[in-house]
Amino acid sequence: QVQPVESGGGLVQPGGSLRLSCTSSGSIGAVNMIYWYRQAPGEQRAWVAWIHKNGQTNYGSAVKGRFTISRDNDKNTVYLQMNSLKPEDTAVYYCRLGSADIWGQGTQVTVSS
């Protein structure tokens, strides 16, 4: 089974925005559920958002109203648009394809002045 590949992280000021991307060598469109997680220093990996193949989405309370998950089957990519970023959003962000316990290297997001 193929692992996801995350990209798009970086260093931003509080209040700024980033868009993360997740793809794989397999077909993103074939996956019913896709999830974003994050892991802050010294903390456990935490769920951030999910999107279903039919377009339904859900978000953790810490990011609701600020983050948007989407998927583009033609580009074979899942996105996480992050707005109004806060220092507490600093973490390594991972995507998960379906229920498989397969993790990529993640992408670092740092929100700091």
Shared hydrophobic cluster for Val12 and Val48 (ILVMFWY, side-chain gaps under 4.5 Å): yes
Where Tyr59 and Thr68 come nearest, the two heavy atoms and their spacing: OH-CA, 3.3 Å
Closest contact, heavy atoms only, Ile28 versus Asn76: N-OD1, 2.7 Å
Smallest separation among heavy atoms of Gln81 and Ser17, with atom names: NE2-CB, 4.0 Å
Any side-chain heavy-atom pair of Met82 and Tyr93 under 4.5 Å: yes
Modelled atom types, side-chain donor and acceptor of Tyr94 and Arg38, under 3.5 Å: no
Partners meeting side-chain hydrogen bond (donor to acceptor under 3.5 Å, both in side chains) with Asp74 (sequence neighbours left out): none
ILVMFWY cluster, Leu80 and Val63 together (side-chain gap under 4.5 Å): yes
N-O pairing of Arg66 and Asp89 below 4.0 Å: yes
Student check: side-chain heavy atoms of Trp50 and Ile34 closer than 4.5 Å: no
Gln105 atom CD, neighbour heavy-atom count above 12 within 6.0 Å: no
Cluster check Val78, Tyr37: I/L/V/M/F/W/Y, side chain < 4.5 angstrom: no
Taking every non-hydrogen atom, the tightest pair across Lys86 and Val111: O-CB, 3.3 Å
Side-chain donor/acceptor of Ser24 to backbone N/O of Pro4, under 3.5 Å: no
Test item: Val109 and Leu20 side chains (from C-beta on) under 4.5 Å apart, heavy atoms: yes
Point-to-point distance, once rounded to the nearest 0.5 Å, from NZ of Lys53 to CG of Asn73: 7.5 Å
CG on Leu18 to OG1 on Thr110, rounded to 0.5 Å: 9.5 Å
Check: Gln108 and Thr90 side chains under 4.5 Å, non-hydrogen atoms: yes
Gln44 atom CD, over 12 foreign heavy atoms within 6.0 Å: no
Thr77 side chain near Cys22 side chain, heavy-atom distance below 4.5 Å: no
Non-hydrogen side-chain atoms of Asn58 and Lys64 separated by less than 4.5 Å: yes
Shortest non-hydrogen contact from Val31 toward Leu97: CG1-C, 4.0 Å
Arg45 to Trp103, cation-pi by 6.0 Å centre distance and 45° axis angle: yes
Between Arg19 and Tyr79: side-chain donor-acceptor atoms closer than 3.5 Å: no
Spacing of NE2 belonging to His52 relative to CZ belonging to Arg71, to within rounding of 0.5 Å: 8.0 Å
Contacts of type side-chain contact (heavy atoms from CB on, under 4.5 Å), residue Ser61, not counting sequence neighbours: none
Check: Ser112 and Pro87 side chains under 4.5 Å, non-hydrogen atoms: no
Same cluster (ILVMFWY, side-chain, under 4.5 Å), Tyr35 and Ile51: no
Minimum heavy-atom distance Ser21-Trp36, with the two atoms named: O-CH2, 3.7 Å
Exam field: side chain Gln39 to backbone Ala46, donor-acceptor pair closer than 3.5 Å: no
